[in-house]
Amino acid sequence: MSTTPATLAPLDERQRYTIVEAIRYLRTSRQSIYNLISTGGIATINQGKRRFVPGSEIARLSRVAA
């Protein structure tokens with residue numbers, strides 16, 4: 001399985017995404033995502049042993065400051 005798909009589906013701010021999906025949308029590394037999580041730079045949802053990133057958080061981090 002390729003780690004970078006040719007195209008990503010449009011981001012839905014109401015959905016939640018796995019860490020791997022968030023990495024793909026943000027075009028960053030796994031370490032960068034976990035650094036953001038540990039410093040409170042990105043909110044996540046824990047469900048059992050799984051962690052998800054809300055689409056709204058991915059969108060917020062994707063925006064360029066005006």
message: Going by ring-ring contact (aromatic ring centres under 6.0 Å, His included), name the pairs with one or both residues in residues 19-53, residues two or more places apart or in two chains.
response: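 Of all non-adjacent pairs touching residues 19-53, those that pass ring-ring contact (aromatic ring centres under 6.0 Å, His included) are Tyr17-Tyr25.
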Electrostatic pair Glu21-Arg24, nearest N-O below 4.0 angstrom
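No, Glu21 and Arg24 are not salt-bridged.
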Side chains of [X] and [Y]: closer than 4.5 Å at any heavy-atom pair?
{"X": "Leu36", "Y": "Leu61", "result": "yes"}
{"X": "Glu13", "Y": "Arg60", "result": "no"}
{"X": "Arg51", "Y": "Ile37", "result": "yes"}
{"X": "Ile33", "Y": "Ser29", "result": "no"}

### Minimum heavy-atom distance Leu26-Ser62, with the two atoms named
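Shortest heavy-atom separation between Leu26 and Ser62 comes out as CD2-OG, 3.5 Å.
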Separation of Ile58 CD1 from Arg63 CZ (nearest 0.5 Å) |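 Taking CZ in Arg63 and CD1 in Ile58, the distance rounds to 11.5 Å.
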Ala43 backbone acceptor or donor facing Glu57 side chain under 3.5 Å: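 Between the backbone of Ala43 and the side chain of Glu57 there is a qualifying donor-acceptor contact (under 3.5 Å).
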Using atom types as modelled and distance alone, determine if a side-chain donor or acceptor of Thr39 lies under 3.5 Å from a backbone N or O of Asn35.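 Yes.
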For the pair Arg16 and Thr44, evaluate side chain to side chain contact (heavy atoms under 4.5 Å, CB included) and give the outcome as yes or no after the intermediate values.
CA-CA 9 Å; Arg16 59 186 185 174; Thr44 59; over 6 Å; no
Q) Are Ile42 and Leu8 co-members of a hydrophobic cluster defined by side-chain heavy atoms under 4.5 Å apart? A)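 Leu8 clusters together with Ile42.
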